[in-house]
**Student:** 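Encoded as structure tokens, here's the structure I'll be asking about.
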Amino acid sequence: MVMRRALLGEVKGTCITCAKFKDITHEYSTIDGIQESVHDILINSKEIVLKSESSETQKAFISIVGPERVTARNIELPTCVEAIDPMQHIATITKKINLNIELEIEKDRGYRRQNIMEYQDGNFPTDAVFMPIRNVNYSIHCFESHDKRIMKEMLLSEIWSNGSITPEEAIYEASRSSINLFLPFLHAEKGKQDSEGEDIHESNAPHFVYPSVSIAVDQMAKKVTFKHIFIEQLELPPKAYNFLKKINVHTISDLLDYSQDDSMKMKNFEKKSVEQILEALQKRFGICLR
């Protein structure tokens, strides 16, 4: 089932991907006054469930004096990141010592293995499990309509998450990813029809005139497809992505609907960022702009 695979592999999640300890050179080192080894602290940190509103890499810190039981609530997080369960255990300090750890937080999808070669200067990357959906079951049930003349089918899905996303949000994001997966086939079929002699009026060709964004595309595609695809799918550089968010461009449809009347809002938009958006639209959705 496409939706099940999208829920398990395409929904973005947030986790700790690296921890930095001062004066520690090996993952299996122990720290005097800390009950857990560095390896145990890394494992516990990796299991902290986080939710981030930003796609950029974030820094967080643990700075605490023992004796104390260190949990997720002791992590100094940036404002855009939230710990779902503040009581998740990290370490136990048994003496009056300082524990200082610098953490790196990323938002991505899927699973990423650590690179042992990156162990240096007390930096310890961890295996990153970004998947917020832990399990998905589905079943199809048949039933008769009220007049008993038509057989209908109902899809029942059971979704388990780690608490950082609701099942409704996960289905929404997975649906966008699934639509994006089939877009190349739609464009391929349209290109085939065009090559067979269909007239294409220049007035219907999409255009992009710096500094305004004004694109005319097929109305059905805009209403049914592009409004469900967020600009995160473009995988833009942070500067271009943040600017679009700032001017309330959240979906591809928002971007394509940007009118000449709104061009003043983009007066500080660099030409390089515009080119990056054009390139991303061409690469991801096959939209050629001029």
Side-chain angles (χ1 to χ4, degrees), residues 1-19 27 36-60 62 69-75 77-92 101 103-116 124-141 153-182 228-233 235 250:
M1 180 183 178
V2 173
M3 181 60 72
R4 182 177 187 274
R5 293 178 65 90
L7 284 166
L8 293 173
E10 295 298 323
V11 179
K12 285 190 175 184
T14 305
C15 66
I16 295 171
T17 57
C18 185
E27 177 184 358
E36 293 81 1
S37 66
V38 172
H39 175 76
D40 292 333
I41 295 175
L42 292 174
I43 294 298
N44 293 336
S45 299
K46 183 176 69 173
E47 294 178 352
I48 300 296
V49 179
L50 301 171
K51 180 177 182 179
S52 176
E53 301 298 332
S54 173
S55 296
E56 298 182 14
T57 300
Q58 303 290 330
K59 295 288 186 180
I62 297 176
R69 180 174 179 268
V70 184
T71 65
R73 68 178 179 180
N74 300 118
I75 304 177
L77 295 168
T79 56
C80 60
V81 181
E82 173 190 358
I84 301 302
D85 182 4
M87 300 311 295
Q88 281 189 275
H89 180 72
I90 298 176
T92 303
I101 308 174
L103 303 171
E104 194 169 280
I105 298 172
E106 296 183 56
K107 184 176 183 178
D108 208 336
R109 57 171 63 90
Y111 175 81
R112 187 175 70 204
R113 296 191 63 182
Q114 64 180 347
N115 184 356
I116 299 179
F124 298 95
T126 65
D127 293 342
V129 183
F130 294 106
M131 300 173 288
I133 302 302
R134 299 302 169 85
N135 193 22
V136 178
N137 288 336
Y138 72 93
S139 57
I140 299 175
H141 304 268
E153 293 183 344
M154 178 178 67
L155 174 64
L156 177 63
S157 297
E158 299 175 280
I159 302 172
W160 289 263
S161 78
N162 63 2
S164 65
I165 189 172
T166 65
E168 291 83 359
E169 292 170 335
I171 288 177
Y172 187 65
E173 187 169 338
S175 298
R176 295 202 320 265
S177 297
S178 298
I179 291 171
N180 186 38
L181 176 66
F182 291 103
H228 296 295
I229 303 177
F230 282 45
I231 60 173
E232 283 80 1
Q233 295 287 350
E235 298 181 354
H250 303 291

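Owing to the predicted nature of the structure, the values given are computational and were not obtained by experimental measurement. When reading the values below, keep in mind they use all heavy atoms of this one structure, side chains included, and skip hydrogens, waters and symmetry mates.
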**Student:** Please name the pair of heavy atoms, one in A72 and one in I48, separated by the smallest distance, quoted to 0.1 Å.
**Tutor:**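 Here A72 and I48 meet closest at CB-CD1, 3.9 Å.
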**Student:** Got I105 and L77 here, is their nearest side-chain heavy-atom distance under 4.5 Å?
**Tutor:**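 SC-SC contact between I105 and L77 confirmed.
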**Student:** If only atom types and distance count, is the side chain of Q88 paired as donor or acceptor with the main-chain N or O of E47 below 3.5 Å?
**Tutor:**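 Yes: the side chain of Q88 pairs with the backbone of E47.
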**Student:** Could you report the tightest heavy-atom contact between L155 and Y138, atom names first, then the distance?
**Tutor:**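 Heavy atoms only, the tightest pair is CD1-CD1, 4.0 Å.
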**Student:** Mind listing the closest non-hydrogen atom pair of I101 and A19 along with its distance?
**Tutor:**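 For I101 and A19, the tightest heavy-atom pair comes out as CG2-CB, 4.0 Å.
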**Student:** Decide side chain to side chain contact (heavy atoms under 4.5 Å, CB included) for I75 and V81; before the verdict, give the C-alpha distance in whole Å, the side-chain angles of both, and the deciding distance to 0.1 Å.
**Tutor:** CA-CA 11 Å; I75 304 177; V81 181; over 6 Å; no
**Student:** Under 6.0 Å from the OH atom of Y111, do we count more than 12 heavy atoms belonging to anything else shown?
**Tutor:**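 Buried by this count: over 12 neighbours within 6.0 Å.
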**Student:** When rounded to the nearest 0.5 angstrom, what is the spacing between CG in D85 and CZ in R73?
**Tutor:**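 Rounded to the nearest 0.5 Å, the CG-CZ separation comes out at 11.0 Å.
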**Student:** Answer yes or no: is there a donor N or O on one side and an acceptor on the other, between the side chain of R112 and the main chain of A128, under 3.5 Å?
**Tutor:**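 Checked: no pair found.
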**Student:** For residues M3 and A174, report the shortest heavy-atom separation together with the two atoms involved.
**Tutor:**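 Of all heavy-atom pairs spanning M3 and A174, the closest is SD-CB, 3.7 Å.
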**Student:** Have a look at K46 and tell me which of D127, I16, I41, T17 forms a side-chain contact (heavy atoms from CB on, under 4.5 Å) with it.
**Tutor:**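 That would be D127; it is the only one of D127, I16, I41, T17 passing the side-chain contact (heavy atoms from CB on, under 4.5 Å) with K46.
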**Student:** Please report the interatomic distance OG1(T14) to CG(L50), rounded to the nearest 0.5 Å.
**Tutor:**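 Here the interatomic distance stands at 6.5 Å.
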**Student:** Taking T57's backbone N and O only, do any of them form a donor-acceptor pair with E104's side chain (distance below 3.5 Å, no angle check)?
**Tutor:**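 Judged by distance alone, no pair lies under 3.5 Å.
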**Student:** Please tell me if the side chains of L8 and V136 come closer than 4.5 Å, counting only heavy atoms from C-beta onward.
**Tutor:**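 In contact.
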**Student:** Supply the atom-to-atom distance R69 CZ to H89 NE2, rounded to the nearest 0.5 angstrom.
**Tutor:**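 Spacing of CZ (R69) from NE2 (H89) equals 5.5 Å.
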**Student:** Taking E36 for the side chain and T92 for the main chain, is one N or O donor matched with an acceptor at less than 3.5 Å?
**Tutor:**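 Yes, E36 side chain to T92 backbone: donor-acceptor pair under 3.5 Å.
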**Student:** Quick one: pull up CD1 in I133 and CD1 in I171 and give me the separation to the nearest 0.5 Å.
**Tutor:**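 Taking CD1 in I133 and CD1 in I171, the distance rounds to 8.5 Å.
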**Student:** Nearest 0.5 Å please: distance from the CD atom of Q58 over to the CG atom of L103.
**Tutor:**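 That separation rounds to 12.5 Å.
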**Student:** Side-chain contact, heavy-atom cut-off 4.5 Å: V70 with I62?
**Tutor:**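 When only atoms from C-beta onward are counted, I62 and V70 do touch, with a gap below 4.5 Å.
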**Student:** Any sub-3.5 Å donor-acceptor pair from S164's side-chain atoms to K51's backbone N or O?
**Tutor:**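 Here the side-chain-to-backbone pair does not exist.
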**Student:** If every non-hydrogen atom of K12 is compared with every non-hydrogen atom of S55, which pair is closest and at what distance?
**Tutor:**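 Closest heavy-atom pair between K12 and S55: NZ-OG, 4.4 Å.
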**Student:** For E27 and L42, work out which heavy atoms get closest and say how close.
**Tutor:**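 Shortest heavy-atom contact: CG-CD1, 3.9 Å.
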**Student:** How long is the straight-line distance from CG of D40 back to OG of S45, given to the nearest 0.5 Å?
**Tutor:**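 S45 atom OG to D40 atom CG measures 10.5 Å (nearest 0.5 Å).
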**Student:** Where the side chain of R109 meets the backbone of E10, is there a donor-acceptor pair that is under 3.5 Å apart?
**Tutor:**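 The answer is yes, because a donor-acceptor pair under 3.5 Å joins these two groups.
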**Student:** Which is it for L7 and I159 under the side chain to side chain contact (heavy atoms under 4.5 Å, CB included) test, yes or no, and what are the steps along the way?
**Tutor:** CA-CA 9 Å; L7 284 166; I159 302 172; 3.9 Å; yes
